Amino acid sequence: MLILLLLPPGFRRFLLALGALVLASLLAGAFSPSGLIRSLIAETGPVVVVDPGHGGVDGGTSDQEGTLEKDINLAIALRLRDHLRAGGVKVVMTRTTDTDLSPFRPGKSGRHRRDLAARIEKARNTRAVCLISIHCDWAGDKKRRGAVVFYNPRNNTGKELACAIQEELNRIQAVPQKAAPGNFFILNQSGLTAVLVEAGFLSHPEEARLLGTPVYQDRLARAIANGIRGYFQW
Ligand SMILES: [Zn+2]
């Protein structure tokens, strides 16, 4: 400190400013989720867990014709896997067939919670950079439509990732939507960055028809993959 006082005032100010800058960048790197994610990427490389929602006994919601959400989720998720892999991203799927994951986690909690816990465990075991859960929505209001990406507002990386994916989805859908905070079990896991994509509304007749077509499923998958790769610069 004494040495600092003996220095010319201009140089002293320069040193103090430099010190503050170094401290600020150290703090940002140590505490922001982005810093943690960056070190995870450095350690494991680009690894993403893709999670097709529901499956097996759990069909999720359905459209007027009885097409089940679980099947559309899986179709989009498999295409998402392929688009990510084509870009050099390592993908781990929570399921690749019509099955639920609850039998893998016997316990006292209900089947649904055990199923979700097994999906989260898969993401943790693979030390994935993020988990992308694919779902379709349903609303009593038949006019509601559009893909929306949900995030945990307390996870900054998750929020930014959700916004990046939403931006890509908005390029392909009739009515642009905003990424939104969501209170889903899968989003509220500490140390795990997850986003949940509601790919559209099965209650909206036209959107339900689109969601059932391989062409639209592929457009959704490509948009989601572009959002992920753009955000992480993969
Ligand atoms: Zn769902």
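Note that ligands are numbered from 1 as they come in the structure, with each ligand's atoms numbered from 1 the same way. No experiment lies behind these values; they were computed from the predicted model shown. Worth knowing before you read on, the calculation uses all heavy atoms, side chains too, and leaves out hydrogens, waters and symmetry mates.
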Salt-bridge contact Arg171-Glu168 (side-chain N to carboxylate O under 4.0 Å):
yes

Whether Arg111 and Asp100 form a salt bridge (side-chain N of Lys/Arg under 4.0 Å from carboxylate O of Asp/Glu) is what I want to check.
yes

Within a strict 4.5 Å, meaning less than it, do heavy atoms of the Tyr216 and Gln173 side chains meet?
yes

Would a 4.5 Å heavy-atom cut-off, applied to side chains only, mark Phe185 and Ile120 as touching?
yes

Can you tell me how the ring of His135 sits relative to the ring of His54, calling it parallel under 30°, perpendicular over 60° and tilted otherwise?
perpendicular

What I'd like to find out is whether the side chain of Leu210 reaches to under 4.5 Å of the side chain of Arg145, using heavy atoms alone.
yes

Do any protein N, O or S atoms sit under 2.8 Å from the Zn ion (ligand 1), and which ones are they?
His54 NE2, Glu69 OE2, His135 ND1

